[in-house]
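Input: a single structure, listed below in structure tokens.
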There are 2 protein chains.
Amino acid sequence: MTNAGTSRRRSIGAQRNPESQQAILKAAEAILMEDGLAGFSIEAVARRAHAGKPTIYRWWPSRAALLLDVYHHQKHVERVPDTGSLETDIIAFLTALFGYWRDGNAGAIFRSVIAEAQTDVKATDALRAYVLDRFSQSAEFVRRAQARGEAADWVSPELAIELLAGFAWNRLLTSRLDDNPEELQRLARQISLGLKG
Amino acid sequence: MTNAGTSRRRSIGAQRNPESQQAILKAAEAILMEDGLAGFSIEAVARRAHAGKPTIYRWWPSRAALLLDVYHHQKHVERVPDTGSLETDIIAFLTALFGYWRDGNAGAIFRSVIAEAQTDVKATDALRAYVLDRFSQSAEFVRRAQARGEAADWVSPELAIELLAGFAWNRLLTSRLDDNPEELQRLARQISLGLKG
DNA sequence: CTTGAACGAAACGCCTCGTTTCGTTATGGT
DNA sequence: ACCATAACGAAACGAGGCGTTTCGTTCAAG
């Protein structure tokens, strides 16, 4: 082999090295998982990825940019339930979201993104754009309920989703994801009745 | 005068100096307002307050502790409306909350507290305890609605408030406090119908 | 009247920051 | 085929915040 023993990543010419990019993202995610946002520094990521700091700074303008990139590279679950009933759709939506955040890294990473967005304006803008897009997507099951006549015409599907998502955010940000099924059921009943109009 | 010109604060004996405490809290709040959480360091607060760092470390065990103290020293508005109607109570609640956060410093400081709670576990615990207490207080107007028969017995007033507060948090954390009255009205209508049961 | 704690100020060693410099690698335009 | 150009990891830079210690002082408590 040409590079025996400790094979180091080198430049592959005047172009971005995808291996380095992947190693950096992977290291960043691992650090976020293990030490949280507090340990998430360019320095730490570079060390763990065996990458040079200039390499990171070349491709990501800020800590927030790298953090957002990590978040966007998370694989996301389907969040548009379709059980045929608005009330059970709401339960399914919240249960899936809570589970997605609780199991795995997504919750910890998303908390970090939200925290970063309170400091970095670019992160705020990116987060806002992201959630608005997500709300619009998830609103689909409310629109379906409207089509079925299960929800009144005057309700805004996006606003309804925002209500659910806001509830979930609050639980996430205060470390209260302990998925109480009865509570979710009561909540779903409340909301679905409200949407019925 | 005994201390002409630049009158310096000195020890007043083997006891805490309230003037120093106040100066530190005031400086901390000013920094949060002007530079946000990014510029909020013990070093910066000490400089601005003309205080020694050991004085701060003696009375506040961490940055998070000082931050929470600043937040708790904010004067808070009344958040338990009583208009006689559930729907208008909801509108009043959200309008007051949005206004409280938008005008003045409370919103910026609260965003900082939430961000800090995603990093510091003590801050998470303090925030959780705070919001649960607040939910319980604000739930009063929903309880009144229940007593009037405007809300069903099976709804949880705290859960209803959590829904409203979660919505507000989401708007705050994504910098979307631009108080659209029509939107709030639609939301209030939705929710009050749901609570009616 | 002595002891000891709190005060502001300054300096400590340590760490991370974002940047610069280095030798190396290999692309891409001429 | 050649060579200017750019990306790579590593190391070192100065700047600045970290949390702590030391100092001379002020004054309450015993």
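For clarity, every value in this text was computed on a predicted model and none was experimentally measured. Note on naming: letters A, B, ... go to the chains in the order of the sequence lines (proteins, then strands), and numbering restarts at 1 for each one.
- Taking both residues in full, the closest heavy atoms of A:Ile91 and A:Leu184 are given as CG1-O, 4.2 Å, listed atom of the first, atom of the second, then distance.
- Figure legend: cation-pi geometry between B:Arg16 and B:Trp60, with NZ or CZ positioned under 6.0 Å from the six-membered ring centre and within 45° of its axis.
- Regarding B:Arg47, its CZ atom lies at a distance of 14 Å from the C1' atom of C:dA10, rounded to whole Å.
- D:dA10 atom P lies 16 Å from atom CD1 of A:Ile42, rounded to whole Å.
- B:Lys53 contributes a side-chain N or O that forms a donor-acceptor pair with the base of D:dG19 under 3.5 Å.
- Look at CZ on A:Phe40: it is 10 Å from P on C:dC17, rounded to the nearest Å.
- Across the protein-nucleic acid pair, A:Glu19 atom CD and D:dA7 atom P stand 17 Å apart, rounded to whole Å.
- No donor-acceptor distance shorter than 3.5 angstrom exists from the side chain of A:Gln118 to the backbone of B:Ala115, with no hydrogens or angles considered.
- An OP1 or OP2 oxygen of C:dA5 is reached within less than 4.0 angstrom by no side-chain nitrogen or oxygen of B:Trp59.
- For B:Ala51, the listed nucleotide lying nearest its side chain is C:dG8; candidates were D:dG17, C:dG18, C:dG8.
- Between A:Thr55 and the phosphate of D:dG9, there is a side-chain N or O to OP1/OP2 separation shorter than 4.0 Å.
- At a threshold of 4.5 Å between non-hydrogen side-chain atoms, the residues A:Tyr100 and A:Gln74 count as touching.
- Atom CD1 of A:Ile24 and atom C1' of D:dG9 are 11 Å apart (whole Å).
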5' to 3', nucleotides 25-30 of chain D under a 4.0 Å protein heavy-atom cut-off (B base, S sugar-phosphate only, - none) gives -BBS--
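- End-to-end axis angle for the helix from C:dC1-D:dG30 to C:dT30-D:dA1, using five pairs per end and rounding to 10°, comes out at 20°.
- Distances shown here put every side-chain N or O of A:Arg16 at or beyond 4.0 Å from the OP1 or OP2 atom of D:dA7.
- Atom P of nucleotide C:dT19 and atom CD1 of A:Ile56 are separated by 13 Å, given to the nearest angstrom.
- Once rounded to the nearest 0.5 Å, the distance linking CG of B:Leu127 with OG of A:Ser175 reads 9.5 Å.
- Both A:Leu94 and B:Leu159 are members of a single hydrophobic cluster when ILVMFWY side chains are connected at heavy-atom separations under 4.5 Å.
- In this model, the phosphate group of C:dG8 is approached by a side-chain N or O of B:Arg9 to a distance below 4.0 Å at OP1 or OP2.
- Nearest-nucleotide assignment on DNA chain D puts the 5′-proximal partner with A:Ala49, out of B:Ser41 and A:Ala49.
- For C:dG8, the OP1/OP2 oxygens have a side-chain nitrogen or oxygen of B:Ser20 closer than 4.0 Å.
- Around CD of A:Gln22, the count of heavy atoms belonging to other residues, nucleotides or ligands within 6.0 Å does not exceed 12.
- With contacts defined as side-chain heavy-atom distances shorter than 4.5 Å, the pair B:Phe40/B:Asp35 does not qualify.
- Closest to the side chain of A:Pro54, from the set C:dA11, D:dA7, C:dT20, is C:dT20.
- Between B:Glu43 atom CD and C:dC15 atom C1' the separation is 13 Å, expressed in whole Å.
- Atom C1' of nucleotide D:dA7 and atom OH of A:Tyr57 are separated by 18 Å, given to the nearest angstrom.
- Listed here is the closest heavy atom pair of B:Val155 and B:Ala151: CG2-CB, 4.4 Å.
- Side-chain N/O atoms of A:Arg10 and A:Asn17 include no donor and acceptor closer than 3.5 Å.
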